Amino acid sequence: MADGSAGQREWRVTGMDCGSCAAKVRGAVERLPGVADVDVALMAERLRLTLDEGETSPERIEKAVRGVGFGIAPKGARPEKPKGGFVLPDGAFPDAAEGSETDSASKEDEEKAEDASTSWMKSSKGRLVIGTGALLAAAWASRLVLPAEIAHWAFVLATLVGIVPVAQRAFAMTRAGMPFTIEMLMTIAAGGALIIGEPEEAALVVFLFAVGELLEGVSAGKARDSIRALSKLVPKTARLELGGKAREVAAEKLQVGQVVQVRPGDRVPCDGEVIDGTSGVDESPVTGESVSSLKEPGAEVFAGSINAEALLRVRVTKAAEDNTIARIVRLIEEAESARAPTERFIDRFSRVYMPAVVGAAVLVAVIPPLAFGLAWGEWIYRALALLLIGCPCALVISVPASITSALSTGARNGMLMKGGAVIEAAARTTHVAFDKTGTLTHGRPRVTDVAALTGDENALMALAAGVEGAASHPLGQAICAEADRRRVDAAAVTGGRALPGKGAEACIDGATVCVGSPRLAEERAALTEDHRTRVAALEAEGKTVVVVLRDDVPQGLVAMRDEPRTDAADAVAELRNLGISSIMLTGDNPRTAQAIADGLGIEHRSGLMPEDKVTAIRDLTTHARVMLVGDGINDAPALAAAHVGVAMGSGTDVALETADAAILRNRVTDVPAKIRLARATMSNIRQNIAIALGLKAIFLVTTVLGITGLWIAILADTGATVLVTINALRLLFFRPTGTPEPTESVSRTAEGIRSDHAAAKT
């Protein structure tokens with residue numbers, strides 16, 4: 001490094017339509033001195049690299065990219081016009097004072113301008129299609145009414161008009177060290193066709209190439225739209241409370257701690273906490289969950305969700321760049337950099353494949369005339385067709401197009417995956433390991449049994465809730481929550497105090513009421529043999545039992561347990577139907593772990609510390625492809641050790657950042673859904689590769705045999721690219737939570753799964 005000024009820089013690059021476009025941008029800059037870690041994201045239209053400005057200036061980077069026909073501008077700035085690609089018209093980014101009320105209007109103008117510019121007829125590629133098509137039609141018409149010589153030159157003119165911009169890009173990329181491109185092959189093929197006296201076919205080939213390029217751009221735009229739609233979920237404005245009044249401001253300017261109003265029918269403009277109001281909120285745009293969620297004071301809300309019923313006042317808890325939608329979009333964009341092993345292999349293969357095709361075309365053009373005295377014109381023609389067929393565009397885009405569609409579908413369904421490598425690993429999963437607390441279970445205890453020894457259950461809960469009214473312990477909070485559910489008012493207490501490690505007590509109506517562990521009750525000699533039997537039976541079910549004493553006389557028993565999520569057993573059943581084994585890893589005691597595992601029909605290991613979980617995962621990975629699903633900080637090391645780490649959406653930021661994937665809506669059944677999506681994606685990729693190579697193999701043979709010519713050759717190339725892209729876009733409509741593979745119906749009940757599990761153990 002020349003002066004130690006190396007740092008990461010980022011630009012927006014426009015005009016990229018396929019994987020080969022991204023490769024051209026990468027090739028244009030990676031050879032420059034002082035450039036390292038080049039990352040080009042096709043769908044995010046992003047160029048990111050490490051640059052030593054002492055050796056190469058940012059302006060030189062931009063000049064290199066423009067030189068190969070693409071628009072470029074620093075991130076957040078207005079893109080410059082690309083040569084032959086996408087461009088935003090003047091006025092797309094009107095100036096506005098920061099924080100002014102014109103911010104939102106500017107954004108709307110920008111979006112309208114972008115929508116208008118993406119109209120195919122207004123793009124340079126669209127104009128080229130219209131122009132070459134009109135000239136080709138005019139040439140054909142002239143052949144009907146004019147002498148053959150004039151019609152001949154009409155076709156020559158149509159060819160030259162269409163091929164000149166292609167040739168300019170071809171020679172620009174050759175100067176950048178990339179001679180083997182589709183533009184160069186097209187230039188050679190069209191020029192060669194003119195030389196051997198085939199201007200009509202040359203003009204048709206140029207027109208079909210322009211159509212193919214246009215279709216690639218439209219297809220890429222459709223794929224990008226699915227990602228842009230996520231960003232558009234967040235409203236542009238928010239009603240900010242200032243000085244007791246509400247006024248509209250740009251949502252992106254909201255700061256943590258400010259309070260906004262969300263009216264019925266409005267989208268929530270930020271991630272925040274409800275401080276006033278009760279309303280149903282539709283979170284399906286964010287989580288994919290179709291059932292509205294009730295939001296009360298203290299509840300969290302996501303940016304982009306829709307307030308359905310009543311006015312909510314929400315305190316902002318995350319800045320715009322860190323809200324849920326922004327994180328999803330950022331994860332998808334970053335995921336493009338994590339290329340699948342299959343994609344990396346195809347990229348390496350295409351670098352060897354292109355020179356090999358050119359060499360084969362030269363041999364086809366030269367050997368038959370020289371060795372066997374065949375006609376030069378005929379075999380040069382076949383060689384030119386071979387060049388067009390050999391272009392690897394369809395092959396190069398076969399993987400990234402599928403991956404991008406899958407990432408978008410996953411995001412819409414609340415399932416994030418950080419790139420193609422993760423999707424490929426998830427598709428190969430053979431074992432899924434689950435953390436227990438917060439993953440298979442809700443992560444907080446709930447009252448499961450209330451046994452009144454004297455009086456009724458509501459009276460017992462009134463005493464217990466009174467003593468635990470100010471408790472911060474999860475068990476105390478569970479008791480208070482159960483009293484609220486039963487609509488029981490807590491008894492009035494005085495002199496409350498905690499008994500560390502044992503329970504709590506307070507004075508109620510002149511009597512000392514204690515809510516404590518069975519051990520505390522034993523110390524006070526309050527339990528009979530019948531009481532001990534009932535406590536033991538509840539504890540055998542993995543439940544935590546507390547005894548309510550009034551002046552050391554037992555009033556009743558309250559049992560609690562962190563209950564499994566309602567869909568946990570279904571998820572285990574679905575995984576079994578997919579041929580995947582499941583195991584639960586937990587730090588909980590063996591008795592509780594056994595009770596939960598038996599209820600779900602799953603194997604388990606208990607009493608594990610964080611380092612023990614890592615060891616367990618490493619043991620599994622020696623003979624299986626392992627996915628770990630967890631939610632806590634203590635799961636982070638194990639998530640990193642698994643082949644695929646999946647964080648539950650309710651988990652900590654540490655788990656979410658460490659994991660390879662995330663489940664936003666806290667549904668365990670999304671784990672098998674994620675695997676289904678990954679498998680469907682890999683199947684789609686295999687189909688794409690078969691389409692790309694199959695069409696080329698067929699037409700290579702027919703071209704060498706003289707059955708097909710130049711215009712069929714260009715259809716084999718651009719047609720295959722379009723077919724591959726359309727096939728990849730089918731994943732946008734895939735329903736990962738739909739009917740599983742037909743090996744066995746998932747409608748089997750959890751009871752049936754438990755029976756199988758019990759039989760297997762015996």
Side-chain angles (χ1 to χ4, degrees), residues 273 278 294 296-300 436-438 441-528 531-532 534-564 588-589 591-592 595-596 632 650:
E273 177 186 352
T278 301
L294 182 66
E296 300 175 305
E300 292 183 351
K436 179 182 78 70
T437 305
T441 67
H442 290 281
R444 55 186 182 278
R446 295 182 177 181
V447 172
T448 58
D449 301 86
V450 178
L453 303 178
T454 61
D456 61 21
E457 293 182 359
N458 286 348
L460 176 66
M461 290 304 302
L463 292 176
V467 174
E468 299 286 3
S472 59
H473 193 279
L475 297 181
Q477 293 175 345
I479 289 173
C480 294
E482 177 65 14
D484 288 342
R485 189 186 70 80
R486 292 172 176 248
R487 301 183 184 279
V488 173
D489 294 330
V493 304
T494 58
R497 69 188 184 97
L499 305 173
K502 298 179 181 180
E505 66 179 15
C507 183
I508 300 177
D509 295 334
T512 300
V513 177
C514 174
V515 179
S517 64
R519 185 181 64 173
L520 176 63
E522 288 284 9
E523 291 176 357
R524 297 187 178 186
L527 298 184
T528 65
H531 296 157
R532 295 188 187 95
R534 297 179 71 171
V535 168
L538 291 169
E539 289 182 338
E541 297 175 4
K543 299 173 182 177
T544 300
V545 181
V546 297
V547 183
V548 181
L549 304 174
R550 185 184 184 110
D551 288 336
D552 292 342
V553 176
Q555 305 297 300
L557 308 176
V558 180
M560 289 160 282
R561 188 172 71 175
D562 182 9
E563 289 289 273
D588 216 334
N589 64 77
R591 185 166 53 188
T592 299
I596 296 293
S650 60

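Keep in mind the model is a prediction, meaning the values are calculated, not measured. We number each residue from 1, following the sequence as shown.
- Heavy-atom neighbours of Glu300 CD from other residues, nucleotides or ligands within 6.0 Å: at or below the threshold of 12.
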Decide side chain to side chain contact (heavy atoms under 4.5 Å, CB included) for Val467 and Ile508; before the verdict, give the C-alpha distance in whole Å, the side-chain angles of both, and the deciding distance to 0.1 Å. CA-CA 9 Å; Val467 174; Ile508 300 177; 4.2 Å; yes

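- Taken to the nearest 0.5 Å, the CD atom of Glu563 stands 6.0 Å off from the OG1 atom of Thr448.
- For the residue pair Arg534 and Leu557, the shortest heavy atom distance occurs at CB-CD1, 4.1 Å.
- In this structure, Ile596 and Arg561 have side chains that are in contact, with non-hydrogen atoms separated by less than 4.5 Å.
- For Arg487, there are no side chain to side chain donor-acceptor pair (under 3.5 Å) partners two or more places apart in sequence or in a different chain.
- Between Thr544 and Pro445, the closest side-chain pair of non-hydrogen atoms is not below 4.5 Å.
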Side chain to side chain contact (heavy atoms under 4.5 Å, CB included) assessment of Met560 paired with Ile479: CA-CA 9 Å; Met560 289 160 282; Ile479 289 173; 3.9 Å; yes

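- Contact annotation: the side chain of Glu482 never approaches that of Arg446 to less than 4.5 Å [non-hydrogen atoms, C-beta and beyond].
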Could you pull out every donor-acceptor pair under 3.5 Å between side chains of residues 450-463 and any protein atom, sequence neighbours left out?
residue : atom : partner : partner atom : Å
Thr454  : OG1  : Gln555  : OE1          : 2.9
Asp456  : OD1  : Asn458  : N            : 3.4
Asp456  : OD1  : Ala459  : N            : 2.8
Glu457  : OE1  : Arg486  : NH1          : 3.1
Glu457  : OE1  : Arg486  : NH2          : 3.4

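- Looking at every heavy atom in both residues, Pro518 comes nearest to Glu539 through CG-OE2, 4.0 Å.
- Closest of all the heavy-atom pairs between Val515 and Ala464 is CG2-CA, 3.9 Å.
- Arg497 contributes atom CZ, which lies 8.5 Å from atom SG of Cys514 (distance to the nearest 0.5 angstrom).
- At least one side-chain heavy atom of Lys436 sits under 4.5 Å from a side-chain heavy atom of Asp562.
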Could you tabulate the donor-acceptor pairs under 3.5 Å formed by side-chain atoms of residues 546-554, not counting sequence neighbours?
residue : atom : partner : partner atom : Å
Asp551  : OD1  : Thr512  : N            : 3.0
Asp552  : OD1  : Arg524  : NH1          : 3.3

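- Of all heavy-atom pairs between Ala490 and Gly466, the closest is CB-N, 3.7 Å.
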